[in-house]
Visitor: 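One structure follows; several queries about it will come next.
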Amino acid sequence: MICPFCSHLESKVIDTRPTDEGTSIRRRRECLSCKKRFTTYEVVEHMPLFVIKKDGSRQPFDKQKLLKGLFHACEKRPVPLQTLEGVADEVEQFLLNSMEREIPTSTIGELIMKRLKSIDQVAYVRFVSVYRSFEDVDSFLKELNRLRTGD
């Protein structure tokens with residue numbers, strides 16, 4: 001670390017503490033040349049996630065949009081807000097851990113459907129009907145039958 005006072009390249013760490021609920025680290029340092037002390041902060045660099053839409057366009061991942069879709073699917077259903085936020089957090093964490101920086105909407109949709117199916121079947125069918133853009137009653141009934149048989 002370069003000393004901000006004398007530009008010497010070497011310093012020693014005197015004290016290290018987590019800050020901001022563990023999202024960064026504060027370090028007190030002492031320059032080995034001029035002996036002055038200074039503070040540095042270390043934070044994790046997050047790479048942005050991009051969503052590839054059906055039309056091929058790309059836009060930044062927005063967890064709020066994901067939550068909005070979950071809210072619509074679970075409207076008037078006995079699903080607690082904490083559960084929906086948990087699903088959104090799980091999906092976001094899965095995407096961040098995947099090391100892919102561009103994720104197709106189909107991947108995100110499948111992740112949500114998988115989780116909704118075990119939370120509330122009505123919400124699942126609502127989400128699937130919008131996500132898969134059912135064109136007619138037959139495709140809707142096929143999905144209901146699949147849900148019934150456990151496929």
Side-chain angles (χ1 to χ4, degrees), residues 1-4 9-29 37-151:
M1 184 61 64
I2 297 174
C3 174
L9 294 175
E10 294 182 39
S11 63
K12 68 178 179 180
V13 176
I14 297 170
D15 182 39
T16 300
R17 295 182 193 176
T19 60
D20 298 330
E21 297 171 4
T23 60
S24 65
I25 295 177
R26 176 186 180 270
R27 298 194 194 278
R28 281 297 287 163
R29 297 178 179 271
R37 293 182 176 187
F38 57 99
T39 303
T40 60
Y41 291 90
E42 201 175 293
V43 294
V44 174
E45 182 179 17
H46 293 285
M47 298 300 292
L49 286 174
F50 288 92
V51 176
I52 303 171
K53 307 290 274 182
K54 288 179 184 176
D55 66 0
S57 65
R58 287 168 169 72
Q59 59 182 242
F61 174 78
D62 184 359
K63 189 166 79 171
Q64 293 305 317
K65 283 186 177 182
L66 192 149
L67 268 171
K68 188 177 175 184
L70 287 168
F71 291 148
H72 284 297
C74 295
E75 194 172 328
K76 297 182 183 177
R77 299 296 305 153
V79 180
L81 176 61
Q82 284 180 312
T83 302
L84 299 180
E85 289 173 339
V87 169
D89 289 342
E90 279 179 38
V91 169
E92 181 182 39
Q93 196 59 55
F94 180 87
L95 297 174
L96 289 170
N97 291 344
S98 73
M99 301 303 288
E100 296 292 325
R101 296 299 111 206
E102 293 184 334
I103 295 99
T105 54
S106 59
T107 301
I108 297 169
E110 294 296 327
L111 291 169
I112 293 170
M113 286 190 299
K114 189 173 164 183
R115 285 159 176 80
L116 269 182
K117 194 173 190 178
S118 63
I119 294 171
D120 188 285
Q121 291 185 344
V122 172
Y124 167 78
V125 171
R126 286 178 180 172
F127 186 84
V128 170
S129 68
V130 172
Y131 174 73
R132 293 208 174 127
S133 304
F134 291 146
E135 297 295 323
D136 54 25
V137 175
D138 288 335
S139 55
F140 191 78
L141 288 174
K142 283 180 190 175
E143 186 62 38
L144 286 176
N145 286 331
R146 243 191 307 221
L147 183 62
R148 232 185 217 162
T149 59
D151 292 342

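Starting from 1, each residue takes its place in the sequence as its number. The figures that follow rest on heavy atoms only: side chains count, while hydrogens, waters and symmetry mates do not.
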Visitor: Give, for atom OG1 of T39 and atom CZ of R29, the distance between the pair rounded to the nearest 0.5 Å.
Guide: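 T39 OG1 to R29 CZ: 10.0 Å, rounded to 0.5 Å.
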
Visitor: Do the side chains of R126 and V122 get nearer than 4.5 Å, heavy atoms only?
Guide: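 A side-chain contact exists here, since the closest heavy-atom pair is under 4.5 Å.
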
Visitor: To the nearest 0.5 Å, how far apart are CZ in R77 and CG in L84?
Guide: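 Reported value, rounded in 0.5 Å steps: 12.0 Å.
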
Visitor: Of all the heavy-atom pairs spanning P48 and R101, show the shortest one and how long it is.
Guide: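 In this case the closest contact between P48 and R101 is O-CD, 3.7 Å.
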
Visitor: Do you know which two heavy atoms are closest between R28 and F38, and how far apart they sit?
Guide: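 Of all heavy-atom pairs spanning R28 and F38, the closest is NH1-C, 3.4 Å.
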
Visitor: Could you give the distance from CG (L95) to CG (L111), rounded to the nearest 0.5 Å?
Guide: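 If I round to the nearest 0.5 Å, the distance is 6.0 Å.
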
Visitor: Could you list the donor-acceptor pairs under 3.5 angstrom formed between side-chain atoms of residues 63-76 and any protein atom two or more places apart in sequence or on another chain?
Guide:
| unit_1 | atom_1 | unit_2 | atom_2 | d |
| --- | --- | --- | --- | --- |
| K63 | NZ | D89 | OD1 | 2.5 |
| K63 | NZ | E92 | OE1 | 3.4 |
| K65 | NZ | Q59 | OE1 | 2.6 |

Visitor: Heavy atoms, side chains only, cut-off 4.5 Å: are I25 and T16 in contact?
Guide: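 SC-SC contact between I25 and T16 confirmed.
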
Visitor: How long is the straight-line distance from CD of Q82 back to CD of E85, given to the nearest 0.5 Å?
Guide: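 The CD atom of Q82 is 7.0 Å from CD of E85, to the nearest 0.5 Å.
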
Visitor: Drop me the distance from Y124's OH to R115's CZ, to the nearest 0.5 angstrom.
Guide: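 Spacing of OH (Y124) from CZ (R115) equals 13.5 Å.
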
Visitor: Please evaluate residues I103 and V51 with respect to the criterion side-chain contact (heavy atoms from CB on, under 4.5 Å), reporting the C-alpha separation (whole Å), side-chain torsions for both, the decisive distance (0.1 Å), and the verdict.
Guide: CA-CA 5 Å; I103 295 99; V51 176; 5.6 Å; no

Visitor: Within a radius of less than 6.0 Å around CG of L96, do more than 12 heavy atoms belonging to other residues, nucleotides or ligands occur?
Guide: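 Enclosed: over 12 neighbouring heavy atoms sit under 6.0 Å from CG of L96.
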
Visitor: I want to check something: taking the side chain as every heavy atom from C-beta on, are I52 and S106 in contact at a cut-off of under 4.5 Å?
Guide: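 They are not in side-chain contact.
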
Visitor: For E102, is the CD atom crowded, meaning more than 12 foreign heavy atoms sit under 6.0 Å from it?
Guide: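 For E102, atom CD is crowded (more than 12 foreign heavy atoms under 6.0 Å).
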
Visitor: I need the minimum non-hydrogen distance between G109 and F127, along with the two atoms involved.
Guide: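 Nearest heavy atoms, G109 then F127: O-CE2, 3.8 Å.
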
Visitor: My understanding is that only residues two or more places apart in sequence, or in another chain, count here; which of them pass salt bridge (Lys or Arg N to Asp or Glu O under 4.0 Å) with E100?
Guide: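 For E100 there are no salt bridge (Lys or Arg N to Asp or Glu O under 4.0 Å) partners, ignoring immediate neighbours.
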
Visitor: Considering residues at least two apart in sequence or located in another chain, which fulfil the salt bridge (Lys or Arg N to Asp or Glu O under 4.0 Å) criterion with R27?
Guide: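 Salt bridge (Lys or Arg N to Asp or Glu O under 4.0 Å) check on R27 returns E42.
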
Visitor: Please report the interatomic distance CG(L9) to CE(M1), rounded to the nearest 0.5 Å.
Guide: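 Between L9 CG and M1 CE, I get 11.0 Å after rounding to 0.5 Å.
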
